[in-house]
*Asks:* 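Structure provided below as structure tokens; questions to follow.
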Amino acid sequence: MKGILYGNFLLNKKWFIAAGITAVLGTAFCAFFVSLVPNNEGVVATLFIGLQLVVLAIIMEWLGRNLEANIKCRFTDITLAGGISRNMFVTSELLKNVITIGIGLVMCIIMQLVMSVFDRRFFTLETVKIIMVLASSCGSIEWIVNPFVIDFKSAEKAGLVVGLVFGFGLVLPIMVLCNVLTEETESLLSGFITLLSNGWLLLILLGISTALYVIFYFVLLERVKKGDVC
């Protein structure tokens, strides 16, 4: 399993490099904007959270594409036929996801530390909690995509289906509801961020993410056991 993980991460290092470049350039822009217009920290804070989401999205983009590539070149079949059990294969996919989330989370925290030089409010316990929830949420959604990648043989189609269902069916209504409950009007994310700071929404989202990981671990396992992966 170590060899599989090492090989997959090494072959997809370009996504981590791209995420790093985005993080550096985006953080530099936000820092410049804060120093140039010091009275707009709220706007920059929202923009900065959006930037961290972009970094997380880039760094996790390789997961579905890597599975698709392994399926199309029949590497997945070779792996499963070469002594790797179905459980071990699914566990390796889970580890790819979790490790990638960890790297993305560390990258975002470093971004927050850099921004805290200009304003300490960019790196607090609350900002770390928020990015942890966002990272785990993004990771769990990416994890859900895997069974659909096997069925569609396409990461783009699978991501589009899951993205539309979760984006318009779950995420957008939650954002709107949070703004209604908090009476925030600054941005679509402002009410969501306010409720995350209160703690209970954070725990709910972490619980949902954990449940999705567990449920779709077995969904993916059953799909792999069903055969016809490639």
Side-chain angles (χ1 to χ4, degrees), residues 1 4-27 48-72 76 89-112 127-168 170-172 174-175 189 192 196 205-206 208-217 219-220 223:
M1 185 186 292
I4 294 174
L5 290 174
Y6 177 77
N8 282 311
F9 274 96
L10 185 64
L11 290 173
N12 291 278
K13 61 184 179 181
K14 62 182 180 181
W15 295 102
F16 296 89
I17 295 173
I21 293 173
T22 303
V24 171
L25 294 179
T27 303
F48 189 56
I49 289 175
L51 171 64
Q52 291 175 82
L53 278 173
V54 171
V55 170
L56 289 172
I58 293 173
I59 208 169
M60 287 191 287
E61 179 68 18
W62 77 279
L63 293 167
R65 293 178 180 272
N66 178 70
L67 180 58
E68 177 189 348
N70 288 342
I71 289 172
K72 288 184 174 179
T76 302
F89 171 78
V90 175
T91 301
S92 70
E93 293 297 320
L94 178 61
L95 286 174
K96 290 179 194 176
N97 185 289
V98 173
I99 293 171
T100 301
I101 288 175
I103 295 173
L105 187 58
V106 169
M107 196 175 292
C108 289
I109 290 176
I110 292 173
M111 292 167 63
Q112 291 183 9
T127 62
V128 173
K129 286 180 180 179
I130 289 171
I131 200 59
M132 284 179 62
V133 171
L134 294 177
S136 63
S137 299
C138 291
S140 62
I141 292 174
E142 187 67 37
W143 178 241
I144 292 171
V145 170
N146 283 350
F148 296 97
V149 172
I150 295 176
D151 286 333
F152 296 145
K153 304 296 187 290
S154 170
E156 290 185 1
K157 290 180 180 178
L160 180 62
V161 170
V162 175
L164 287 174
V165 172
F166 273 82
F168 291 98
L170 184 64
V171 176
L172 185 59
I174 287 178
M175 296 293 184
L189 279 172
F192 178 73
L196 273 182
L205 291 177
L206 284 177
I208 292 174
S209 296
T210 303
L212 289 175
Y213 270 108
V214 174
I215 292 170
F216 277 85
Y217 177 92
V219 170
L220 181 59
R223 179 60 188 85

*Asks:* Listed by chain and number, what are the side chain to side chain donor-acceptor pair (under 3.5 Å) partners of Thr100, not counting sequence neighbours?
*Replies:*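 Residues passing side chain to side chain donor-acceptor pair (under 3.5 Å) with Thr100: Trp62.
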*Asks:* Check whether Thr27 reaches the backbone of Val24 with its side chain - one donor and one acceptor, N or O, closer than 3.5 Å.
*Replies:*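 Here the side-chain-to-backbone pair does not exist.
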*Asks:* At their closest point, which heavy atom of Cys138 faces which heavy atom of Leu53, and how far apart are they?
*Replies:*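 Taking Cys138 first and Leu53 second, the nearest heavy atoms are SG-CD2, 4.0 Å.
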*Asks:* So do the side chains of Phe148 and Lys157 get within less than 4.5 Å of each other, counting heavy atoms only?
*Replies:*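 No. Closest side-chain heavy atoms not under 4.5 Å.
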*Asks:* Measure from the side-chain N and O atoms of Asn97 to the backbone N and O of Gly139, and report whether any donor-acceptor pair falls under 3.5 Å.
*Replies:*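 Pair found, side chain donor or acceptor close to backbone of Gly139.
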*Asks:* Quick one, Val145 and Leu63 - any side-chain contact, counting heavy atoms below 4.5 Å?
*Replies:*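 No, too far: nothing below the 4.5 Å cut-off.
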*Asks:* So which of Ile59, Ile17, Ile58 actually passes side chain to side chain contact (heavy atoms under 4.5 Å, CB included) with Thr22?
*Replies:*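 Looking at Ile59, Ile17, Ile58, the match for Thr22 under the side chain to side chain contact (heavy atoms under 4.5 Å, CB included) is Ile58.
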*Asks:* For the residue pair Val149 and Gly64, what are the closest heavy atoms and their distance?
*Replies:*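 Shortest heavy-atom contact: CG1-O, 4.0 Å.
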*Asks:* Can you measure from OG (Ser136) to CG (Leu206) and round to the nearest 0.5 angstrom?
*Replies:*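 One finds 5.0 Å between OG of Ser136 and CG of Leu206.
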*Asks:* How about Gln112 and Gln52: do any of their side-chain heavy atoms sit closer than 4.5 Å?
*Replies:*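 Touching, per the 4.5 Å side-chain cut-off.
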*Asks:* Under the salt bridge (Lys or Arg N to Asp or Glu O under 4.0 Å) definition, can you give me all pairs with a residue in residues 142-151, not counting sequence neighbours?
*Replies:*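 Output for this query lists Asp151-Arg223.
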*Asks:* Using a 4.5 Å cut-off on heavy atoms from C-beta on, say whether the side chain of Phe152 contacts that of Val161.
*Replies:*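 Val161 reaches Phe152 side chain to side chain.
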*Asks:* Looking at every non-hydrogen atom in both residues, tell me the closest pair between Glu156 and Glu68 and how far apart they are.
*Replies:*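 Minimum heavy-atom contact is N-OE1, 4.5 Å.
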*Asks:* Determine all donor-acceptor pairs shorter than 3.5 Å in which one atom belongs to a side chain in residues 101-111; sequence neighbours excluded.
*Replies:*
none

*Asks:* Return the minimal non-hydrogen interatomic distance between Phe9 and Ile99, and the atom names on each side.
*Replies:*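 Scanning both residues, the minimum pair turns out to be CZ-CG2, 3.6 Å.
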*Asks:* Within the side chain of Tyr213, is there an N or O that forms a donor-acceptor pair under 3.5 Å with the backbone of Leu94?
*Replies:*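 No, the answer is negative, given that no donor and acceptor are paired below the 3.5 Å cut-off.
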*Asks:* Rounded to the nearest 0.5 Å, how far apart are CG of Leu5 and CG of Leu10?
*Replies:*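 The CG atom of Leu10 is 12.5 Å from CG of Leu5, to the nearest 0.5 Å.
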*Asks:* How far does CG of Asn8 sit from NZ of Lys13, to the nearest 0.5 angstrom?
*Replies:*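 With rounding to 0.5 Å, CG (Asn8) is 14.0 Å from NZ (Lys13).
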*Asks:* Atom CD1 in Ile150, atom CG in Leu67: separation rounded to 0.5 Å?
*Replies:*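 The CD1 atom of Ile150 sits 5.5 Å away from the CG atom of Leu67.
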*Asks:* Rounded at 0.5 Å granularity, tell me how far CD1 in Ile141 sits from CE in Met60.
*Replies:*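 Result: 8.5 Å between the selected atoms.
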*Asks:* Return the OH to CG distance between Tyr6 and Leu11, rounded to the nearest 0.5 Å.
*Replies:*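 Here the interatomic distance stands at 9.5 Å.
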*Asks:* Passes side chain to side chain contact (heavy atoms under 4.5 Å, CB included), Glu93 versus Asn146? Steps please.
*Replies:* CA-CA 9 Å; Glu93 293 297 320; Asn146 283 350; 4.3 Å; yes
